[in-house]
Amino acid sequence: MRVDVEMSGGSPKLLERKQAVYRNLDERYEIHGEKYKGQQYSHIYFTRLHYMRNLLYSLVPKWKPNLPVNTVLGLEEEKECIIVGTIYKHMKLKPSILDEYSKERSKVPLAKPHNFVHPDDHLILEDESGRVKLAGSLLDPSAFVTGIVVALHGKETSEGKFFVLDMLEAGLPPQIKQPPSLKDKFVVFVSGLSIGSSTFNPLQFQLLVDHITGHLGDENEQTFASQIVHFIIAGNSVQILQGLLNGQTIAPRDQSTLTEPIKELDILLNQLAAAMPVDIMPGPSDPANFSLPQQPLNRCLFPGASAYNTFISSTNPHQFELDDIQFLGTSGQNIDDLFKYSEAKNKLEFMERTLRWRHLVPTAPNTLGCFPFTDRDPFLIESCPHVYFVGNQDKYETTLLRGSDNQSVRLICIPKFCETGVAVMLNLRNLECHALSFSTSLNV
Amino acid sequence: MASGDIKGFYRQKKKQQKGGITKSVSASASKKKKPSKSGGSATLGATDPQTPVLFAHGAFDLTDDYGEDEERLRQFDMDMRYGPCIGLTRLQRWERASSMGLQPPADLRNLLSRASGPKSPDLECLWEGRV
């Protein structure tokens, strides 16, 4: 892949784009034609509990060596012990399908809140043998969600609740040491293009594409652009006009309106794929399946771009390796759902929590759609990534998270490009991040 | 005919204890399947004893539909250690338990893989089609 440099007078100099060794690790998120046979979600919870419980059992002796470990049904009153189970958070404001049938219409608020947290929410711990309500002020329900597995130290009270004295989370998973690299190589992340929506500015994205492919700027800019080795689009690339999709037959002229955004995206992807490896992930508004893990966007949607072997349609969540650096990311559904059902300082704190709980999407399948796997839970995080990114967020945020076992993770919140015009650039050498901002307004 | 056969009574109670954990669930499930049979043929246990007048010969047709192999597989279905049983075939559940390191009994797998013939154990779990 070459970037031409045109200098006034004199022969053009050719700049070679750098390359990085890419390995796609999406296999665990692919459905592989598995058919839905009518099974329920109990299996995914069972496999999740089994895996996390074994993990926590191995960590408990170091944490509290002298206490017995019980199942929920084996709790005895006033006897201190450790129990391991899945947390269930009972939420007063959580929308329930049964509200439609409820006679008391007044309980349902007219305006849907964005956040369903209420001071009356309480936590329950559950394993195969039973459930127990959690009491005590150590655990703040607003920081937890249904679906995480933890170990609790406490004792059963006379009311039959479990008074919590201490809690153990699994913590950051072990990380494979990242090999040191000498050269500056950059990865660009973008998300929320929303082609087809009213907020999409074609010039803005074209600016981004031209800058990255090296068609803009002088030699310095182009040298900089030649160091970009990979481009990731983290979801919500198109926005299909919902008004037309109401179940009635679509008139031929409306049919072309429906497919316009995808065609436009294909043209842009064509330009990108001709220049460098591009990964496109599906997002909540893309034409992919709704429940996680979202399967790769069909290559037939991109007849132009899929001709290139640099074009990769990936799953959501997306896991890959670039020069032995582990990347893990989603298009935002996991963090957005955590935001609806719990509270934290900022989105980075939600991301940190998912790593500490070792589960990418703890609220699936409770409040986030998920495929009912029977034999595995693919969202368990077994090894710590070096870079963890989440797309379609409100603003660009990043931090370097340090773990207790020498892990170091770069957390990145990628903002929506259609609203902010910001793409994120990551340096593979030192995992430093900065924002690339594009603006087309004339009064800057 | 009214048999008042005490031995028949005791036989039924023993069967009850074996399937003890599944008392209420199985009673309703088996009632659904064979409503015509006498007394709702509470195979794995009903809480109230059957009135003698409903017995045909004093002995219950409890093992009519399944043999000992099926009974062992039913116990495998009901064992909580291996997780939920609905929605998977027994073989799939065995494979899952095996890959999770739970060490299910190996001879159950042999039973399931050579299932053939009329008296063979069912490949699907106990509640398949009933729930």
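All values derive from a computational prediction rather than experimental measurement. Lettering follows sequence order; numbering is per chain, from 1.
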Using a cut-off of under 4.5 Å for heavy-atom pairs, which of A:R376, A:H50, A:Q40 has the most such pairs with chain B?
A:H50

Side chain / backbone / both / neither for B:R93 at chain A, heavy atoms under 4.5 Å
neither

Over all atoms of both residues, closest heavy-atom pair of B:R96 and A:T47
CD-CG2, 4.4 Å

Take atom CD of A:E77 as the centre, draw a 6.0 Å sphere, and report whether it contains more than 12 heavy atoms from other residues, nucleotides or ligands.
yes

Over 12 non-hydrogen atoms of neighbours within 6.0 angstrom of CZ in A:R131
yes

Test side chain to side chain contact (heavy atoms under 4.5 Å, CB included) applied to B:M80 and A:F46, step by step
CA-CA 10 Å; B:M80 272 194 316; A:F46 168 68; over 6 Å; no

Taken to the nearest 0.5 Å, the spacing of A:K37 NZ from B:Q92 CD works out to 4.5 Å

Should we count CD of A:E78 as having more than 12 external heavy atoms under 6.0 Å?
yes

Ignoring hydrogens and angles, tell me if any N or O in the side chain of A:H43 forms a donor-acceptor pair with the backbone of B:L88 under 3.5 Å.
no

Around A:E30, counting heavy atoms of other residues, nucleotides and ligands shown, do more than 12 lie under 6.0 Å from its CD?
yes

Does atom CZ (A:F290) have a neighbourhood of more than 12 heavy atoms from anything else shown, all under 6.0 Å?
no

Flag the pair A:D375 / B:E95 as yes when at least one side-chain heavy-atom distance between them is below 4.5 Å, and no otherwise.
no

Atom NZ of A:K133 with >12 non-hydrogen neighbours under 6.0 angstrom
no

